[in-house]
Amino acid sequence: MSLESVTTSIDDAVSDFFEPVATNVGKVVFYTVPVGDTDLPLIVAWLVIAGLIFTTWFGLIQVRKFKLAIDVVRGKYDEEGSPGEVNHFQALTAAVSGTVGLGNIAGVAIAVSIGGPGATFWMILCGLLGMASKFVEVTLGVKYREEHEDGTVSGGPMHYLPKGLAERFGSGGAKFGKVLAVLASVMILFFGLFGGNLFQTNQSYAQVASNFGGEDGFMASSTGAVLFGLVVAALVGLVLLGGIRSIASVTSKLVPAMAGMYIVACLVVILANVTAVPDAVQDILKGAFEADGVAGGVIGALIVGFQRAAFSNEAGLGSAPIAHSAVKTKHPASEGLVALLEPFIDTVIICTMTALTIAIANPPSWAEAREGNADEIGGVTITSDAFETVLPWFPDLLTVAVLLFAFSTILTWGYYGLKAWTYLFGKSRTSEIVFKAIWSAFVVLGSLLSLDSLISLADSALFLLSVFNIIGLYLLAPVVKRELNSFLDFVRGREARAAVGGGDPADERESAKVA
């Protein structure tokens, strides 16, 4: 019996067992209500409403404090001796690497095929609202993080939900927070293994096999699949062994490089068709209110755009605070401000660049997809065809981009999964080694198995996480408000001191403590 027949049998057996479970859970998590001529998933509304509420609550913070967020990333307000493991820029790139991925390439193409060009407008709006949600959850992640004796840090919803609710509501809040924390940890771990690991490996392997010989090539064979899985697993394992410092070191170089490479390619296509830019922008704006997609008019474009953005930037889901919590800072809100840049980079910039490139290039596959065949054609094909109109060699570059996106996502979700694992099973060297071994094994499995039903179940788990997380965010928003005011007082004091040519007031306070 060949390895291929064994893996096919396993795939079929797992799908047969889990497909009914995945279908029923998906119906609950992604329950839809009719709106106009289409259906609205309530979980998407849950995320968008949270973004709208936090945007209002914090006075359009994503606009008012955007420049301050840039200054914090640049290190303008860094303080010596701050607890944590990585700087603001490294924490940002580590978190961005978990959200920027195949969804920015393939998912956006599906969105503008189903919802028409107008879906881009709503996608941008949802990304802007998500910036406020990200600010709130990351501020809490740093505020209630746990600092270990070895200097490492653990944070995320599994920490701020029980600690924050206990602080605000006493023993009752502690019990409720503990339940939410355990459920959140299970959701993070489950999605990490199947969505953040196995799916990423599977899709990147499929792209490599397709681009190097196709079905008859060596990479499409069982041996090629195993070899691919082992190489990726070895690379992932080596980086994971170094913890968040190692991950941040890799992602701080990888994320800017891969995002830059992708954006440059988009700009090449856009500039080559520069005369078509005004019409494309007009189609996006007009389509937002007079949609010509197949999803049900304007409401359909709005829902598809919101859904793509919510799935892409993970604002409100509680995953990103895990990476951001490792930052070196004494002011939790400083990293919250840094984190609001994440949906801007992921959705407002990268997703929009993909959508604009497709709209301007207008490849035949996109026109066909807009007739109702988007799922059959595939998002990667549409995006690739758009680039190929100007860059004939783009499929090779796309393969590199997919590999980089997938690798960085596996790394970041490996860190998220580790924190969820150690929260559930305890932090010890043995516990961490066991998790890293399991994680690396799943990388190899990803090149052999598709496990579609488990991937669908993992998607449900990720968005169930948002239910547990956002409940906590609402209850703890006053804490975030206090932390923001505290950091803004620090910034004003530091700038006032600098304006008169003095030193840093924070440094003076530290010196006074020592004295």
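The chain is numbered in sequence order, starting from 1. Remember, predicted model here, so these are calculated numbers, not experimental data.
In terms of modelled atom types and a separation under 3.5 Å, the side chain of T55 and the main chain of A132 share no donor-acceptor contact. With S440 contributing its side chain and A437 its backbone, the two residues share no donor-acceptor pair below 3.5 Å. In this structure, the side chain of S154 does not engage the main chain of E146 through any donor-acceptor pair within 3.5 Å. At least one donor-acceptor pair under 3.5 Å links the side chain of T93 to the backbone N or O of F89. Of the possible polar contacts, none joining the N197 side chain to the I410 backbone as a donor-acceptor pair under 3.5 Å is found. Side-chain N or O atoms of S466 include none that pairs as donor or acceptor with a backbone N or O of L462 at under 3.5 Å. T412 places a side-chain N or O within donor-acceptor distance of the main-chain N or O of A94, the cut-off being under 3.5 Å. In terms of modelled atom types and a separation under 3.5 Å, the side chain of Q62 and the main chain of L128 share a donor-acceptor contact. Judged by distance alone, the side chain of R145 and the main-chain N or O of V153 form no donor-acceptor pair under 3.5 Å.
Using a 4.5 Å heavy-atom cutoff, the side chains of L476 and K143 are not in contact. Considering only heavy atoms from C-beta on, V138 stays 4.5 Å or farther from E342 through its side chain. For the pair L165 and K178, the minimum side-chain heavy-atom distance is 4.5 Å or more. Side chains of T347 and C126 form no contact here, defined as non-hydrogen atoms less than 4.5 Å apart. Within the 4.5 Å cutoff, the side chain of V348 has no heavy atoms near those of the M123 side chain. You'll find the side chain of N469 stays beyond 4.5 Å of the side chain of L317, heavy atoms only. Side-chain contact check for I470 versus W46: some heavy-atom pair is nearer than 4.5 Å. Side chains of Y262 and L404 form no contact here, defined as non-hydrogen atoms less than 4.5 Å apart.
Side-chain atoms of T139 and E483 include no donor-acceptor pair closer than 3.5 Å. A side-chain donor-acceptor contact under 3.5 Å links H331 and E79.
Ring geometry, W413 versus Y416: the interplanar angle exceeds 60°, so the pair is classed perpendicular (tilted spans 30 to 60°). Aromatic ring orientation, F344 versus F66: perpendicular (interplanar angle above 60°, classes split at 30° and 60°). The aromatic rings of Y423 and H159 sit perpendicular to each other, their planes meeting at more than 60°, with 30° as the lower class boundary.
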Show, in sequence, the C-alpha distance, side-chain angles and deciding distance for S82 and K330, and conclude whether the side chain to side chain donor-acceptor pair (under 3.5 Å) test is met.
CA-CA 6 Å; S82 296; K330 298 175 184 177; 4.9 Å; no
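For an aromatic pair to be called close, the ring centres must be under 6.0 Å apart, and F191 with F199 fails this.
Counting only residues at least two apart or in different chains, ring-ring contact (aromatic ring centres under 6.0 Å, His included) contacts with residues 67-88 are absent. Among residue pairs with one or both ends in residues 126-158, those qualifying as ring-ring contact (aromatic ring centres under 6.0 Å, His included) are F58-F135; sequence neighbours excluded.
Within a 6.0 Å sphere centred on NZ of K436, other residues, nucleotides and ligands contribute more than 12 heavy atoms. For E432, the CD atom counts as densely surrounded, since its 6.0 Å shell holds more than 12 non-hydrogen atoms of other residues, nucleotides or ligands.
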